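As the structure is a computational prediction, the values presented were derived from the model and not from experiment. In the text below, chain A, chain B and the rest are named by the order of the sequence lines, each starting its count at 1.
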Protein chains: 2
Amino acid sequence: MTGRPSNAASERLRQAGLRPTRQRLALAGLLFDGGDRHVTAETLHREAIGTHVRVSLATVYNALHQFTKAGLLREVVVDAGRAYFDTNTRHHHHFFVEHDGALSDIAAGGVEVSRLPAPPAGTEVERVDVVVRIRRRQG
Amino acid sequence: MTGRPSNAASERLRQAGLRPTRQRLALAGLLFDGGDRHVTAETLHREAIGTHVRVSLATVYNALHQFTKAGLLREVVVDAGRAYFDTNTRHHHHFFVEHDGALSDIAAGGVEVSRLPAPPAGTEVERVDVVVRIRRRQG
DNA sequence: TCCCTAATTAGAATAATTCTAATCTATTGA
DNA sequence: TCAATAGATTAGAATTATTCTAATTAGGGA
């Protein structure tokens, strides 16, 4: 076992300026090997533990924030009590089921926001987020 | 001091099915005597203490949630770490400055959201929230 | 290889919120 | 009017979510 690790996750981390440590590689594998995902620190940590990766919850938080700063993830604000992270970093919006915390994407082209008023003097728009809160129909 | 309290705040609470207790009257006064406001539990508690109202932070949280359930307030989700409450309960949207937590309203008519995709099968739309994240222009 | 430096990890501390036991208040009946 | 009862309310304690920082680990040059 001499060669440097050089799989996709490792390369992705390297290019983001983050050392491909054991913990980060494992978390990146869970996050990026597959389709788009939405996670919280808690769900990702539980998943890591479930696959026998030894990593603390604090490290999961650190990694999620580092990945976000590096542009590999995007934070989604839909719940005042919990931070969600999305592996889809393209501009898009969300459906959110408050009852169970389920999140799903709406492609940017799927919603049109028009007639936005000018932002307050001295400020500029950074991003426009649309959250469609939905609930399961009773029955 | 015999007559029952019967000012505006008291009446508002009574109609919401909430006892007009000393704590609730004081908080309602701070919230509703004036124009529209945005508060967090922390800012409202600080304000109450500043006006010599003895009330615990937990009670402020309770009151904010009770007022929200009664339709006197509306929760605004713009920050994953902190709950904001808005005295403007009409349908509308928000500008949010992440750096300092400043919130301001955008009248419902000020934004148009069109071409919304149908929500996932078995669900119905409860509310559509638009958050325009802005930042102070550097300088 | 060893040392130096800087990045990284995770236990401890903090911040935000909720829970629940104790307290208070309104109402009823005597 | 007064006491007893039931239900609502308050706030200290507990929990949950997140961040901080000291100790550890790892990379790169001599």
Side-chain angles (χ1 to χ4, degrees), chain A residues 1-6 9-11 13-28 38-49 53-70 72-73 75-85 98 101, chain B residues 1-6 9-10 13-28 30 38-49 53-70 72-73 75-85 98 101:
Chain A
M1 218 107 65
T2 51
R4 62 181 116 60
S6 61
S10 179
E11 202 43 45
L13 290 177
R14 230 182 266 285
Q15 289 185 1
L18 296 168
R19 281 196 204 161
T21 61
R22 177 177 62 77
Q23 290 89 340
R24 284 187 188 141
L25 281 170
L27 296 174
H38 300 100
V39 302
T40 65
E42 185 61 34
T43 63
L44 184 59
H45 182 240
R46 209 183 295 282
E47 198 176 334
I49 296 301
V53 173
R54 290 184 57 254
V55 60
S56 74
L57 182 57
T59 296
V60 174
Y61 272 100
N62 289 338
L64 287 172
H65 286 133
Q66 291 153 352
F67 290 2
T68 299
K69 183 141 52 137
L72 303 177
L73 289 177
E75 188 177 347
V76 183
V77 179
V78 287
D79 183 327
R82 197 178 304 257
Y84 284 78
F85 294 86
E98 302 208 34
Chain B
M1 221 107 64
T2 52
R4 65 181 114 59
S6 62
S10 180
L13 290 177
R14 228 182 268 285
Q15 288 184 2
L18 297 168
R19 281 195 203 160
T21 61
R22 177 177 62 74
Q23 289 90 337
R24 285 189 188 140
L25 281 170
L27 295 175
L30 293 172
H38 300 101
V39 302
T40 65
E42 186 60 36
T43 63
L44 184 59
H45 182 240
R46 209 186 294 285
E47 197 176 335
I49 296 301
V53 173
R54 290 183 56 254
V55 61
S56 75
L57 183 57
T59 296
V60 173
Y61 272 100
N62 289 339
L64 287 172
H65 286 133
Q66 290 152 353
F67 291 3
T68 298
K69 182 140 54 135
L72 303 178
L73 290 177
E75 187 178 346
V76 183
V77 179
V78 286
D79 183 326
R82 197 179 302 260
Y84 284 78
F85 295 86
E98 302 208 32

**Request:** Extract, from 5' to 3' on DNA chain C, the first and final nucleotides lying under 4.0 angstrom from some heavy atom of chain A.
**Result:** C:dA7 to C:dG11

**Item:** CG on B:Asp79 to CG on A:Asp79, rounded to 0.5 Å
**Value:** 11.5 Å

**Prompt:** Whole-Å distance between D:dA17 P and A:Asn62 CG?
**Reply:** 17 Å

**Prompt:** Just checking B:Ala83: base, sugar-phosphate only, or nothing, at a heavy-atom cut-off of under 4.0 Å?
**Reply:** sugar-phosphate

**Item:** Nearest-Å distance for atom pair CZ/C1', residues A:Arg46 and D:dA17
**Value:** 13 Å

**Asked** Does B:Arg24 place a side-chain N or O at less than 4.0 Å from the phosphate oxygens OP1/OP2 of D:dT10?
**Response** yes

**Message:** Tell me whether B:His45 contacts the main-chain N or O of B:Val55 through its side chain, where contact means a donor paired with an acceptor under 3.5 Å.
**Reply:** yes

**Asked** Checking side-chain contact (heavy atoms from CB on, under 4.5 Å) for the pair A:Glu11/A:Gln15: CA distance, chi angles, key distance, verdict?
**Response** CA-CA 6 Å; A:Glu11 202 43 45; A:Gln15 289 185 1; 3.8 Å; yes

**Asked** In whole angstrom, what separates A:Lys69's NZ from D:dT19's C1'?
**Response** 14 Å

**Request:** Grab the CG-C1' distance between B:Leu25 and D:dT10 for me, whole Å please.
**Result:** 15 Å

**Fill in**
Of B:Gly81 and B:Arg22, the one whose nearest nucleotide on DNA chain D sits closer to the 5' end is B:Arg22

**Asked** If you round to the nearest 0.5 Å, how far is CZ of A:Phe85 from CG of A:Leu64?
**Response** 5.0 Å

**Asked** According to a strict under-4.0 Å criterion, is A:Arg19 in side-chain N/O contact with OP1 or OP2 of D:dA26?
**Response** no

**Asked** OP1 or OP2 of D:dT10 less than 4.0 angstrom from a side-chain nitrogen or oxygen of B:Thr21, does that happen here?
**Response** yes

**Request:** Examine distances only and state if a side-chain atom of A:Arg24 and a backbone atom of A:Arg19 form a donor-acceptor pair shorter than 3.5 Å.
**Result:** yes

**Rounded distance in Å - CG (B:Leu57) to P (D:dA14)** = 17 Å

**Item:** d(CG, B:Asp79; P, D:dA17) in whole Å
**Value:** 16 Å

**Message:** What's B:His45 touching, base or sugar-phosphate or nothing? Going by heavy atoms closer than 4.0 Å.
**Reply:** nothing

**Request:** Calculate, to the nearest 0.5 Å, the distance between atoms OH and CG belonging to B:Tyr61 and B:Leu44 respectively.
**Result:** 11.0 Å

**Fill in**
The residue, B:Ala58 or A:Gln23, whose nearest nucleotide of DNA chain C is more 5′ is A:Gln23

**Item:** A:Arg14 side-chain N/O to A:Pro20 backbone N/O, donor-acceptor pair under 3.5 Å
**Value:** no

